[in-house]
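Numbers restart at 1 for each chain; the letters A, B, ... are given by sequence-line order, proteins then strands. Note that these values count all heavy atoms, side chains included, but never hydrogens, waters or copies made by symmetry.
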There are 2 protein chains.
Amino acid sequence: MATIYEVAKLAGVSPATVSRVFNGMGVSEEKALAVREAARQLRFSPNRTARTLRRQESEVIALVIPDIENPYFTELARGVEDVAQSAGYSVVLCNTDSDLDKESTYLQIAISEHMAGVILAAASDHTNLDDIMAAGRPVVAVDRGTGYDIDGVVMANRTAGQAATENLVQSGYRRIACITGPEHIETAYERAQGWRAVIARNFPDADPDELLRFSTFRVDGGRDVMEELLALPEPPDAVVAANNMLGVGAIQVLTEHGLTPPRVGVAVVGSLPFTTLSPSVVTVVRLPARHMGVTAARMLLERINGDDQPARTIVLRNELQPARTAAPASSATRSSAAASSTVPATATPVAAPETTRA
Amino acid sequence: MATIYEVAKLAGVSPATVSRVFNGMGVSEEKALAVREAARQLRFSPNRTARTLRRQESEVIALVIPDIENPYFTELARGVEDVAQSAGYSVVLCNTDSDLDKESTYLQIAISEHMAGVILAAASDHTNLDDIMAAGRPVVAVDRGTGYDIDGVVMANRTAGQAATENLVQSGYRRIACITGPEHIETAYERAQGWRAVIARNFPDADPDELLRFSTFRVDGGRDVMEELLALPEPPDAVVAANNMLGVGAIQVLTEHGLTPPRVGVAVVGSLPFTTLSPSVVTVVRLPARHMGVTAARMLLERINGDDQPARTIVLRNELQPARTAAPASSATRSSAAASSTVPATATPVAAPETTRA
DNA sequence: GTGAAAGCGCTAACAT
DNA sequence: ATGTTAGCGCTTTCAC
């Protein structure tokens, strides 16, 4: 590739002038034109590596996520991308596979490539950010906290778990299980806490943890644990899945056992973008993943531009999309309120964020 | 961050020696130890930007895809990642949204960041690779060709379209529509060609294109076009969806109309990882996306390492997973062969690649 | 085996 | 407004 020196020579100016043209500094119209023409002829495109080395900062931001195959995270990625792109940044996606080593490798790369900042959905609560903080790179946490005092955007997880569970209770289910992710992941724990609270309130005599299962946040995890629950002497009549993947796994297993919802009630925290269920047989607590990405990207850009106000945490509100069908007749009383609170399947709700200072 | 100069001073050696230690060149055991210790103390990590500028090559490869929200491409990404990682390369994912401008921006970045190579699922057949070829960066095409004489890995698209259609014919369906992607995308066109061939052979009197629809390769596209088909005076009794997203959209609409498969037959080219359908009511032609990623990454690494044999194209074989249920009784004769060729829902077939020289 | 020194392509003082 | 120049941190000849 051509360099600014070659362009400068062809245009009859100094390298500095070429650089100025490409960085929007003050250059006379005449010379600017000559430079652009020369650059075009030589198919010149500035060497970002050299620029980054010199400037000590690149125009790329890293989005570090635990599972690229989870539509929740790809939706998040779209939000980040859209904001970043229009601000002139490119986004590189790093998939950690929930592996702390991979995650720390990517964070190290972010440092040593002088990336402008990082948006991180931490692999666990043990993620170490010492180095990247020391390097002065802004980091925004998404989906999960980190234990560091940094900006973050999270879902209202406890509320989401509660809403999902309450909906099942109101539909008349009475043995409601909960399938969630690894206990050391904040979202998994908090959504389960929401479930716990509703169960304790409605069924004070129930052994709270008999029907609670920690697993992975993946389809397989949902499958395994659902099988386990069905094999119980007294299986549940409904289940809360703490994320989309678990929900898919659980529904698959139920379907295979001939227990398609609503024969067994299902409520899922998270959207199911690629399911093909008949309209709304499962309750969904929609998580505004795209919006989370947009918000996080905006916060990161602010930090990149030097904003140094105290760290903020933004909690995004979720939206309940109740199932249209209620529990089968064999189940107990069902509130008529539940049946009436339906929502068209095609509704595209807008998530309103509620802001909190950390 | 610390530099090699600081490490060198602390270890009592020259910067060159520090560099050698970190690049596995011959250095005495004694000095190597001192360097490592100094590096540890200073939390030194080599500056990749400087290295890349000097070496004119970085250890990252770009994976450029049209839709990061499509599970087919994320599965592909996993394959690429696994191979790349174990070879010491990191992968950055670039989402073009099927937009030629975004795509060309990313290709430009790949050049100017001196990336080691690119794996590209082209946004269309108009993708311009002149610059990146001129820069001497290896490019491997995946999923779709590019019009350039470069390495590639593709699915057997025509065969896949045929297999999907044939399965519906054998199940007794007789008015079989085809929903496919944009005509200028190779995979969309070829899968439709497979459908065309089977229809022409079995129903020579049918107007071949009455039931053919080009759309986008997205859920919405599948929905819109499925609605259109159902509104026909004589709607189809079955449909071939040319990719996973179209399949999801089509099935959603059918379900909403109370026409859940197999009342209307559905065959999909591509896997449906997140569906929750009862076991195998739709026929799936499984596409080995992960395998495609693995293969492409291996080819790219060979090129990066200087291999300069003629360009190769590898065609991956697909695998038919027939629906377990056949057409409803209202449909015409159904071959008993179809009913017997079932496959357990849990089977995880291994895709065998077949190699071809371009 | 080891060190000295040049230079990758760019940007940002500084000087004019 | 424009040119000159030093230097970002590393790798790699070239001497020794």
Engineer: Which residue pairs pass the ring-ring contact (aromatic ring centres under 6.0 Å, His included) test with at least one member in residues 34-85 of chain B, sequence neighbours excluded?
Structural biologist: B:Phe22-B:Phe44
Engineer: Applying ring-ring contact (aromatic ring centres under 6.0 Å, His included) as the test, list every pair that has at least one member in residues 296-315 of chain B; sequence neighbours left out.
Structural biologist: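 As it turns out, there is no ring-ring contact (aromatic ring centres under 6.0 Å, His included) pair with a partner in residues 296-315 of chain B once direct neighbours are skipped.
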Engineer: End-to-end bend of the helix from C:dG1-D:dC16 to C:dT16-D:dA1 (five-pair axes, 10° rounding)?
Structural biologist: 30°
Engineer: The criterion is side-chain hydrogen bond (donor to acceptor under 3.5 Å, both in side chains); which residues satisfy it with A:Glu69, sequence neighbours excluded?
Structural biologist: none
Engineer: My understanding is that only residues two or more places apart in sequence, or in another chain, count here; which of them pass side-chain hydrogen bond (donor to acceptor under 3.5 Å, both in side chains) with B:Asp125?
Structural biologist: none
Engineer: Output all residues satisfying side-chain hydrogen bond (donor to acceptor under 3.5 Å, both in side chains) with A:Asn305, sequence neighbours left out; order by chain, then residue number.
Structural biologist: none
Engineer: Report, one line per pair, each donor and acceptor closer than 3.5 Å where one atom sits in a side chain of residues 80-89 of chain B; sequence neighbours left out.
Structural biologist:
from    : atom 1 : to       : atom 2 : distance (Å)
B:Glu81 : OE1    : A:Asn95  : ND2    : 2.9
B:Asp82 : OD2    : B:Arg290 : NH1    : 2.6
B:Gln85 : NE2    : A:Tyr106 : OH     : 2.7
B:Ser86 : OG     : B:Asp82  : O      : 3.0
B:Ser86 : OG     : B:Val83  : O      : 3.1

Engineer: According to the salt bridge (Lys or Arg N to Asp or Glu O under 4.0 Å) rule, which pairs have a member within residues 105-119 of chain B, sequence neighbours left out?
Structural biologist: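 For residues 105-119 of chain B: A:Arg48-B:Glu113.
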Engineer: Students should find this one: the first and last nucleotides of DNA chain C, 5' to 3', lying under 4.0 Å from a heavy atom of chain B. What are they?
Structural biologist: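 First and last nucleotides in contact are C:dG1 to C:dG9.
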Engineer: Can you list every pair that meets ring-ring contact (aromatic ring centres under 6.0 Å, His included) and has a residue in residues 46-66 of chain A, with sequence neighbours left out?
Structural biologist: none
Engineer: Under 4.0 Å between a Lys/Arg side-chain N and an Asp/Glu carboxylate O for B:Asp67 and B:Arg218?
Structural biologist: no
Engineer: Which nucleotides of nucleotides 6-16 of chain D have their base under 4.0 Å from a protein heavy atom (B), which only their sugar-phosphate (S), and which neither (-), written as one string 5' to 3'?
Structural biologist: BBBBBBBB---
Engineer: Ignoring hydrogens and angles, write down the donor-acceptor pairs under 3.5 Å from the side chains of residues 27-35 of chain A, residues two or more places apart or on other chains.
Structural biologist:
from    : atom 1 : to      : atom 2 : distance (Å)
A:Ser28 : OG     : A:Lys31 : N      : 3.3

